[in-house]
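Protein chains get the first letters and strands the later ones, always in sequence-line order, with residue 1 at the start of each.
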2 protein chains.
Amino acid sequence: MTNNHSTDTKNDIPDIVIGRLPIYLRTLKLLQSEGKEVASSQELGERLGISSAQIRKDLSHFGEFGKQGTGYNVAYLCSQLEKILKVDCIWPVVLVGAGYLGHALASYNGFEDRGFRIVAVFDTDPEKLGKRVGPLRVEHPRAIPDYVRSHKCQIAIIAVPAEAAQEVANTLIEAGIKSILCYAPITLTVPKEIRVEYIDPVIHFQHMTYYLEKHCLDE
Amino acid sequence: MTNNHSTDTKNDIPDIVIGRLPIYLRTLKLLQSEGKEVASSQELGERLGISSAQIRKDLSHFGEFGKQGTGYNVAYLCSQLEKILKVDCIWPVVLVGAGYLGHALASYNGFEDRGFRIVAVFDTDPEKLGKRVGPLRVEHPRAIPDYVRSHKCQIAIIAVPAEAAQEVANTLIEAGIKSILCYAPITLTVPKEIRVEYIDPVIHFQHMTYYLEKHCLDE
DNA sequence: CCTTGTGAATATGTTCACAGCA
DNA sequence: TGCTGTGAACATATTCACAAGG
């Protein structure tokens, strides 16, 4: 038996470990779809560019999922990770912003398999109101509070221009949203109990260029 | 004077520090646009949810940019960070994939201000060939090698379905691409000198749900 | 054999706290 | 006084290396 989790309220497991679990899950599901039934920490590590020891240690925080001499049963480990991450169900997500990015997100059909569904789209632009975005219709942001409360949504995506993002965040938080995925290139100011994660491709590009040789167009 | 950098070939500065510089830059530019001329590490830290000591220490790797008693000159620090990150110019980026996401990326006009321009779009779909995507026209991927070489592109975006991503990556790397931003939900296998960064919203969602209370739709 | 799970050792990252300068 | 830059102290994360099990 592993260390007992009897006194686990929650936060003794490092956030950085939690952050890797979705990667493991994504890869295990791929292995599963390739028909692989068993995988060792080494195989998984090679696939991911991570050491096998790290994978074993990460998993050991939650239990003993492997078999010595064999490795991990792929389907079983998948199901365990889904349970740990609470993605053995579908979470409703609201989307604010019906521009190109909003369309891309609302039309993407890779969410459901992994535990999420975009259930509503909001945008202030009167031109867009009532128009189709993926399988949904654009609603006015004034409908956000009622919608979020009645559907018990806890997750929102912000896909509006930077100038509007903070105000949208305030509205969402006021409505009861607990976690935000922000595509606007700005750091939001939020109460500490609200979790915000960011996606900004330029941050990645600027990280890359540090290591590249400068062969670029003049400004 | 700071520690001398005379023997800096490159890699004594931790990657995690480099990764924060783009965030600092993004925020400093915002402060600048708000008319702020000077900012202390504390102000910046509060805005970002980072300790002031960390910001000072991060910057100290590259030189002494501040003034005691005053703080940092915003415009000056911006220009220094741009120089360090090599984004005081425009880098050409090629995009593979002209689906909804490709359209969103190609149409986004927030790249140029921050050092990047999407200069070409490729997609295998014959339906899309020659069609407009943002300001560009879709070309066949067979044109990738010539294009990348003649335009000295070092950065590419992969915005194709997961099944096609590895093959696209191989083509790009063969053509001379050095860094890839991958939107496909898959870990690519690449030579160690190639840098790959990933954007997958579901990874963020699954990280969030660990901390949320489970109130979700049944599977 | 091969591979897990895990303490101990190492490596890396962050914060403290203060000297020194404007 | 108010802030930077920075060693030293502390905290966190990763890897090593091996006992134990199939």
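Put simply, the side chain of A:Lys57 and the base of D:dT14 share no donor and acceptor less than 3.5 Å apart.
Rounded to an integer number of Å, the gap from A:Leu77 CG to C:dT3 P is 16 Å. As rounded to whole Å, 16 Å separates atom P of D:dC3 from atom CG of B:Asn73. In this structure, A:Gln68 atom CD and C:dC2 atom C1' are separated by 10 Å, rounded to whole Å. A straight line from CG of A:Asp15 to C1' of D:dT14 spans 17 Å, rounded to a whole angstrom. If you measure from atom CD1 of A:Ile55 to atom P of D:dT15, you get 10 Å, rounded to the nearest angstrom. A:Glu46 has its CD atom 10 Å from the P atom of C:dT3, to the nearest Å. The separation between B:Gln42 atom CD and D:dG5 atom C1' is 16 Å, rounded to whole Å. As rounded to whole Å, 11 Å separates atom P of D:dG7 from atom NE2 of B:His61.
Atom NZ of A:Lys83 has 12 or fewer neighbouring heavy atoms from other residues, nucleotides or ligands inside a 6.0 Å radius. The number of heavy atoms from other shown groups lying within 6.0 Å of NZ (B:Lys67) does not exceed 12. Within a 6.0 Å sphere centred on OH of B:Tyr100, other residues, nucleotides and ligands contribute 12 heavy atoms or fewer.
Between A:Gln54 and A:Lys67, the residue whose closest nucleotide on DNA chain D is further toward the 5' end is A:Gln54.
Between A:Tyr147 and A:Phe122, the ring planes lie perpendicular to each other; the angle is over 60°, past the 30° to 60° tilted range.
In the set D:dG2, D:dT15, C:dT15, the nucleotide with an atom closest to the side chain of B:Ala53 is C:dT15. When distances run from any side-chain atom of A:Arg20 to the nucleotides D:dT14, D:dT6, D:dA13, the shortest one goes to D:dT14. Closest contact between the side chain of B:Ile16 and the listed nucleotides C:dT14, C:dT15, D:dT4 involves C:dT14. For A:Ser40, counting side-chain heavy atoms from C-beta on, the closest listed nucleotide (C:dG13, C:dT4, C:dC21) is C:dT4. For A:Arg56, counting side-chain heavy atoms from C-beta on, the closest listed nucleotide (C:dC21, C:dG5, C:dA17) is C:dG5.
For the OP1/OP2 pair of D:dG2 and a distance below 4.0 Å, the side-chain nitrogens and oxygens of B:Tyr72 include no atom meeting the criterion.
Within 4.0 Å (heavy atoms only), B:Ser41 reaches sugar-phosphate atoms of the nucleic acid but no base atom. At a threshold of 4.0 angstrom between heavy atoms, the contacts of A:Leu59 with the nucleic acid are absent.
Ion pairing of B:Glu213 with A:Lys86 is absent here, as no side-chain N (NZ or NE/NH1/NH2) approaches a carboxylate O to less than 4.0 Å.
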